[in-house]
Chemist: 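First the structure, then my questions, so here it is.
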Amino acid sequence: MNQVIENAREIITGYDGPKLRIMEVCGTHTHEIFRLGIRSLLPENIDLISGPGCPVCVTPVGYIDEAIYLALEKKCVICTFGDLIKVPGTKMSLAGARTEGADVRPVYSPDDAVELARETSKQVVFLAVGFETTTPSACIAVKKAQRLGLTNFSILTANKTMPNAYAQLKGSADAFLYPGHVNAITGNEICKKLKEEGVSGVVAGFTANELMTALAVTIELSKKGEPFFENCYPRVVKDEGNPAAQKLVDTVMEPCDSEWRGLGIIPMSGMKLRGEYSDFDARVKHNVPTIEGKSNPACRCPEILQGHCKPTDCPLFGKVCNPIHPVGACMVSDEGACAAYYHYGSSIGVEI
């Protein structure tokens with residue numbers, strides 16, 4: 001066995017301290033920890049809980065309703081990453097809107113939507129959903145559309161930033177596993193400041209070595225009984241992050257209050273286009289009205305995203321709600337906690 005993994009395994013399985021709640025902020029971490037069988041190693045006094053690190057999962061119902069409005073009422077071509085298509089809105093999903101004649105197209109990048117706008121006279125809207133890792137690509141698309149003089153391209157923003165969400169979740173867990181790809185953009189200053197505010201966490205990568213190391217380091221540092229921060233992904237994450245990406249986003253977008261599914265409105269946790277780029281803001285361009293979405297009251301996605309319960313605590317899980325017929329966003333996305341429990345839960349005794 002890899003010596004790094006063996007050393008980490010001994011620390012994890014040998015933990016005999018008080019209950020330790022560790023939140024996997026990142027949905028990819030949730031899936032990889034399941035896939036690699038790491039959860040099966042955990043003693044009963046270590047509880048891994050899922051957080052709001054899946055961008056599709058935290059996108060509010062009202063945003064889906066806005067996209068459907070643009071598709072059905074304004075007859076726009078909607079371009080989106082595939083996993084957003086099945087997320088339920090108040091009355092239907094984008095997949096449902098497509099059955100009513102909406103033109104909804106999955107794309108691999110925002111640039112695909114720009115290229116489509118070059119080829120058609122129809123209005124094209126890209127659904128810009130994601131955290132710090134995907135926001136730069138949306139900004140690049142906007143700048144390219146401006147450079148090309150396109151008047152039929154815009155984006156519907158739901159871009160979010162993690163720092164204020166961490167603060168909102170203070171107390172939900174004893175420590176965070178910070179998403180390495182986000183810190184690769186933002187750097188570590190935010191997490192260091194959170195440490196000063198009493199929030200503990202480590203930056204984790206995505207391989208077996210990196211995840212096991214991050215968990216072992218979390219356990220060891222927690223024994224000291226004081227707030228901590230450690231970068232366990234140094235081969236990718238540097239203290240300064242990615243200055244070029246930071247500058248690009250700051251040029252095109254600015255912070256705004258944003259609604260998160262399960263967490264409500266978090267001040268200055270979203271990103272919107274600056275005024276000089278308002279021609280590419282779908283809400284402005286198409287006069288989108290204020291829409292308040294309503295989710296299924298039986299769905300417990302909001303509580304799952306806050307770490308208050310696990311997918312298996314939801315009465316719909318694996319019964320009414322499954323990947324083929326999802327009731328909530330956490331079951332739709334490949335990064336969603338419910339989808340992870342559904343696909344890998346048998347490894348820890350979850351019955352579907």
Side-chain angles (χ1 to χ4, degrees), residues 24 26-37 39 48-72 77-108 112 127 129-130 134 158 260-262 293-352:
E24 318 137 349
C26 173
T28 303
H29 281 161
T30 299
H31 276 253
E32 284 303 291
I33 287 171
F34 262 119
R35 189 183 68 82
L36 294 167
R39 279 181 178 269
L48 280 184
I49 55 177
S50 300
C54 163
V56 170
C57 300
V58 298
T59 298
V61 174
Y63 179 84
I64 303 299
D65 294 343
E66 287 180 313
I68 291 171
Y69 171 84
L70 287 167
L72 292 178
V77 179
I78 302 298
C79 292
T80 177
F81 298 133
D83 53 0
L84 203 64
I85 293 176
K86 293 175 66 176
V87 175
T90 298
K91 295 182 178 180
M92 68 180 78
S93 64
L94 284 165
R98 193 153 56 179
T99 66
E100 296 192 7
D103 192 345
V104 180
R105 307 188 190 188
V107 294
Y108 292 104
D112 292 342
L127 304 188
V129 170
T134 56
W260 295 56
R261 185 190 297 260
K294 296 181 180 180
S295 60
N296 187 320
C299 175
R300 299 192 70 182
C301 274
E303 296 161 272
I304 292 166
L305 291 166
Q306 296 176 76
H308 291 169
C309 73
K310 295 183 178 180
T312 48
D313 295 324
C314 178
L316 306 183
F317 175 78
K319 301 177 179 68
V320 178
C321 182
N322 58 62
I324 303 300
H325 300 289
V327 175
C330 296
M331 185 63 86
V332 175
S333 173
D334 288 340
E335 296 184 359
C338 294
Y341 271 73
Y342 188 91
H343 290 299
Y344 300 112
S346 61
S347 65
I348 55 171
V350 173
E351 293 186 7
I352 306 299

Chemist: To the nearest 0.5 Å, tell me how far Ile304 CD1 sits from Lys310 NZ.
Modeler: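 It comes to 11.5 Å.
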Chemist: Look up atom CG in Leu94 and atom CG in Leu72, then write down how far apart they are to the nearest 0.5 Å.
Modeler: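 If I round to the nearest 0.5 Å, the distance is 9.0 Å.
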Chemist: Which heavy atom of Val56 sits nearest a heavy atom of Ser333, and at what distance?
Modeler: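 In terms of heavy atoms, the two residues are closest at CB-CB, 3.9 Å.
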Chemist: Tell me every residue that passes side chain to side chain contact (heavy atoms under 4.5 Å, CB included) with Tyr69, counting only those two or more places apart in sequence or in another chain.
Modeler: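 So Tyr69 forms a side chain to side chain contact (heavy atoms under 4.5 Å, CB included) with Glu73, Lys74, Val288, Pro289, Ile291.
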Chemist: Mind checking side chain to side chain contact (heavy atoms under 4.5 Å, CB included) for Pro88 and listing every partner two or more places apart, or none if nothing turns up?
Modeler: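 Expected list: Val332.
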Chemist: Identify whether NZ of Lys or CZ of Arg in Arg35 sits under 6.0 Å from the centre of the six-membered ring of Tyr344 and within 45° of that ring's axis.
Modeler: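 Not satisfied by the 6.0 Å and 45° rule.
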Chemist: With rounding to the nearest 0.5 Å, note down the distance linking CZ in Phe81 to OG1 in Thr134.
Modeler: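 Output value for this atom pair is 6.5 Å.
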Chemist: Checking Ser93 now: which residues fulfil side chain to side chain contact (heavy atoms under 4.5 Å, CB included) with it, not counting sequence neighbours?
Modeler: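 With neighbours one apart ignored, the set is Ala95.
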Chemist: Throw together a table of side-chain donor-acceptor distances under 3.5 angstrom for residues 318-330, partners on residues two or more places apart or in other chains.
Modeler:
{"residue": "Asn322", "atom": "OD1", "partner": "Ile324", "partner atom": "N", "Å": "2.9"}
{"residue": "Asn322", "atom": "OD1", "partner": "His325", "partner atom": "N", "Å": "2.8"}

Chemist: Near Asn296 CG, under 6.0 Å, is it more than 12 heavy atoms from other residues, nucleotides or ligands?
Modeler: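 Yes - once you tally the heavy atoms of other residues, nucleotides and ligands closer than 6.0 Å, there are more than 12.
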Chemist: My understanding is that only residues two or more places apart in sequence, or in another chain, count here; which of them pass side-chain hydrogen bond (donor to acceptor under 3.5 Å, both in side chains) with Lys86?
Modeler: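 For Lys86 there are no side-chain hydrogen bond (donor to acceptor under 3.5 Å, both in side chains) partners, ignoring immediate neighbours.
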Chemist: How many angstroms lie between atom OG1 of Thr80 and atom CG of Asp112, to the nearest 0.5 angstrom?
Modeler: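 That separation rounds to 12.0 Å.
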Chemist: Given 3.5 Å as the limit, does a donor-acceptor pair link the side chain of Gln306 with the main chain of Gly262, or not?
Modeler: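 Yes, the answer is positive, given that a donor and an acceptor are paired below the 3.5 Å cut-off.
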Chemist: OG of Ser295 to CD1 of Ile64: how many Å apart, nearest 0.5 Å?
Modeler: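 The OG atom of Ser295 sits 12.0 Å away from the CD1 atom of Ile64.
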Chemist: Test your reading of the model: is there a side-chain donor-acceptor pair from Arg98 to the backbone of Val104, 3.5 Å cut-off?
Modeler: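 Such a contact is found between Arg98 side chain and Val104 backbone.
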Chemist: Do Leu305 and Trp260 have side-chain heavy atoms sitting under 4.5 Å apart?
Modeler: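 Not in contact.
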Chemist: Quick one: does Leu48's side chain get under 4.5 Å of Thr30's, heavy atoms only?
Modeler: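 The answer is no, as the side chains (C-beta and beyond) never meet within the 4.5 Å cut-off.
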Chemist: For Arg261, enumerate each residue passing the side-chain hydrogen bond (donor to acceptor under 3.5 Å, both in side chains) test, keeping only those at least two apart in sequence or located in another chain.
Modeler: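 Arg261: no side-chain hydrogen bond (donor to acceptor under 3.5 Å, both in side chains) contacts found.
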Chemist: Within the structure provided, determine whether Glu335 and Pro55 are in side-chain contact (heavy-atom separation under 4.5 Å).
Modeler: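 Yes; the side chains approach each other to less than 4.5 Å.
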Chemist: Mind listing the closest non-hydrogen atom pair of Tyr63 and Val129 along with its distance?
Modeler: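 Residues Tyr63 and Val129, closest heavy atoms: CE2-CG2, 3.5 Å.
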Chemist: Quick one: does any side-chain atom of Thr90 pair with a main-chain N or O of Lys294 as donor and acceptor, under 3.5 Å?
Modeler: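 The answer is yes, because a donor-acceptor pair under 3.5 Å joins these two groups.
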Chemist: Working to the nearest 0.5 angstrom, can you tell me the gap between Ile33 CD1 and Glu24 CD?
Modeler: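 That separation rounds to 4.5 Å.
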Chemist: Measuring only between side-chain heavy atoms, which start at C-beta, is Val87 closer than 4.5 Å to Thr59?
Modeler: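 SC-SC contact between Val87 and Thr59 ruled out.
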Chemist: Indicate the atoms forming the closest heavy-atom contact of Pro311 with Phe317, along with that distance.
Modeler: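 So the minimum-distance heavy-atom pair works out to O-CB, 3.3 Å.
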Chemist: If you apply the rule side-chain contact (heavy atoms from CB on, under 4.5 Å), what do you find for His343 with Phe34, and how did you get there?
Modeler: CA-CA 9 Å; His343 290 299; Phe34 262 119; over 6 Å; no
